[in-house]
Asker: 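I have a structure I would like to understand better, so I am pasting it below and will then ask my questions one at a time.
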Amino acid sequence: MERIVVGMSGGVDSSVAALLLKRQGLDVIGVFMKNWDEKDENGVCTSTADWEDVQAVCRLIDIPFYAVNFEKEYQERVFSHFLSEYRKGRTPNPDVLCNREIKFKAFLEFAMKLGADKLATGHFVQTEIREGHPVLLRGADAKKDQSYFLYMLKEQQLQKAVFPVGAMTKAQVRDIAREHGLPVSDKKDSTGVCFIGERNFRNFLQNYLPTQPGDMRTEAGEKVGEHIGLSYYTPGQRKGLGIGGCGDGRSWFVLEKDLKNNVLVVGQGEDHPRLFSSHVEAVEPTWIAGGAPMAAGEAYRCTAKYRYRQADQQVTVRLEGDRLLVEADEPQRAVTPGQSVVFYQGELCLGGAIVEAVEQYQGKPDLLQR
RNA sequence: UGGGGUAUCGCCAAGCGGUAAGGCACGGGACUUUGACUCCCGCAUCGUAGGUUCAAAUCCUGCUACCCCAG
């Protein structure tokens with residue numbers, strides 16, 4: 001009988017994933033991962049409650065369960081990089097790394113040691129074998145599709161992965177959970193950095209990053225406020241600037257981080273032209289199915305997401321050496337260095353890359369024409 | 001020092017005798033497996049002390065603060 005380890009978070013999705021596999025008559029083992037050992041702002045270790053939910057669900061559907069700890073791996077492979085990016089003034093996405101390094105590497109290896117053939121999770125994505133190779137497809141529930149977070153996986157990782165709820169909608173998943181009386185059927189979806197959870201992000205970062213106060217200035221150089229350290233802000237951000245009353249009365253947004261002068265450049269209006277860009281240089285491209293889908297130099301058409309849950313954007317991508325030049329048909333708002341741009345061809349998730357540099361929408365040369 | 005002006009929520013700002021608009025900021029919530037964005041809700045008795053009036057932020061007087069002009 002095929003043995004499958006299910007990564008269980010204590011949420012509805014992974015609980016239902018385990019349930020479905022069990023009902024298929026497979027040899028299912030539930031495993032809870034603990035990768036972050038710290039109390040939240042209220043001094044409560046939320047992972048404890050999640051672990052209890054996992055146990056309750058596993059007992060109910062009658063599968064064995066374990067907990068593993070990858071705190072060390074998470075620190076070394078995800079969190080250290082996360083902090084180093086912030087120190088450089090960039091805005092990383094720790095969860096895409098977490099999937100590549102922890103869930104589908106360290107944890108996958110652990111599952112294999114338990115004698116598993118496959119590793120299942122509650123992600124809303126689907127896989128398929130095309131021409132003998134596994135590919136990643138969007139989840140059936142467009143509103144919940146999580147392929148954005150899994151674009152860094154490689155074929156070898158995907159090969160071992162199973163996504164039991166990927167073909168369902170969130171509503172269906174909850175229905176199934178209710179039908180079977182799972183105690184987590186109405187549990188709120190978790191958000192926040194994976195394993196670290198929801199918390200005041202600025203306060204959280206302050207535990208790890210130095211504060212280096214400086215000025216907030218307009219493009220013209222007029223000082224309109226003070227910041228606590230450029231690491232604490234990200235392009236397009238509105239909340240937390242604390243500027244009110246001056247200028248034309250509209251809201252202020254972060255336009256740019258001037259690391260050299262430790263100045264946060266801000267501007268007014270959610271439609272400020274400096275907030276938009278069409279050309280992006282992205283690095284560290286990773287492709288799920290083997291190599292790049294386009295030939296070097298070729299202008300390749302596909303769609304892309306510059307952030308999770310963004311509607312598909314039509315883009316032209318060109319591979320130049322080890323970097324990618326991405327031109328969007330429509331100007332994109334607040335594309336951010338350190339974040340990921342993920343590519344799709346229809347339902348197929350091709351892979352993605354890390355935004356390195358952004359060229360402003362107006363008055364810049366066409367990257368793809370060079 | 002003389003003359004003039006202004007004082008309304010953290011900031012900007014309506015109100016001009018009838019019982020405090022709005023924007024920004026901020027707080028809370030929603031949304032969300034990153035960070036952001038977005039949406040919803042909340043948020044002042046009017047510098048101070050008196051007076052006039054049925055009724056004052058709105059009129060009068062004193063005080064205080066700030067600004068401008070003069071010198």
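Here is how names work: the chains are called A, B, and so on, in the same order as the sequence lines, proteins then strands, and each is numbered from 1.
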Asker: In whole angstrom, give me the gap between the P atoms of rC63(B) and rA57(B).
Answerer: 23 Å
Asker: Using a strict threshold of under 4.0 Å (side-chain N to carboxylate O), is an ion pair present between R318(A) and E320(A)?
Answerer: yes
Asker: Please evaluate residues Q345(A) and R301(A) with respect to the criterion side chain to side chain contact (heavy atoms under 4.5 Å, CB included), reporting the C-alpha separation (whole Å), side-chain torsions for both, the decisive distance (0.1 Å), and the verdict.
Answerer: CA-CA 9 Å; Q345(A) 197 63 269; R301(A) 292 287 292 173; over 6 Å; no
Asker: What's the spacing between L97(A) CG and K103(A) NZ if we round to 0.5 Å?
Answerer: 12.0 Å
Asker: Between S9(A) and S14(A), does any side-chain donor sit less than 3.5 Å from a side-chain acceptor?
Answerer: yes
Asker: Could you give the distance separating rA20(B) and rC46(B) at their C1' atoms, to the nearest angstrom?
Answerer: 7 Å
Asker: Need to verify one output field. Residue with the more 5' nearest nucleotide on RNA chain B, D95(A) or G249(A)?
Answerer: G249(A)
Asker: With rounding to whole Å, what would you report as the distance between rU48(B) and rU64(B) at their C1' atoms?
Answerer: 7 Å
Asker: Roughly how many Å apart are rA36(B) and rU32(B), using the C1' atom of each and rounding to a whole number?
Answerer: 11 Å
Asker: Walk along nucleotides 36-41 of chain B from 5' to 3' and tag each nucleotide B, S or - by protein heavy-atom contact under 4.0 Å, base first, then sugar-phosphate.
Answerer: BSS---
Asker: Do D117(A) and K160(A) sit within salt-bridge range, that is, some charged N less than 4.0 Å from a carboxylate O?
Answerer: no
Asker: Strictly below 4.0 Å: does K143(A) bring a side-chain N or O up to OP1 or OP2 of rU32(B)?
Answerer: no
Asker: So, Q332(A) and H279(A): side-chain donor and acceptor under 3.5 Å apart, yes or no?
Answerer: no
Asker: What's the gap between rG62(B) and rC24(B) when it is taken at their C1' atoms, as a whole Å value?
Answerer: 37 Å
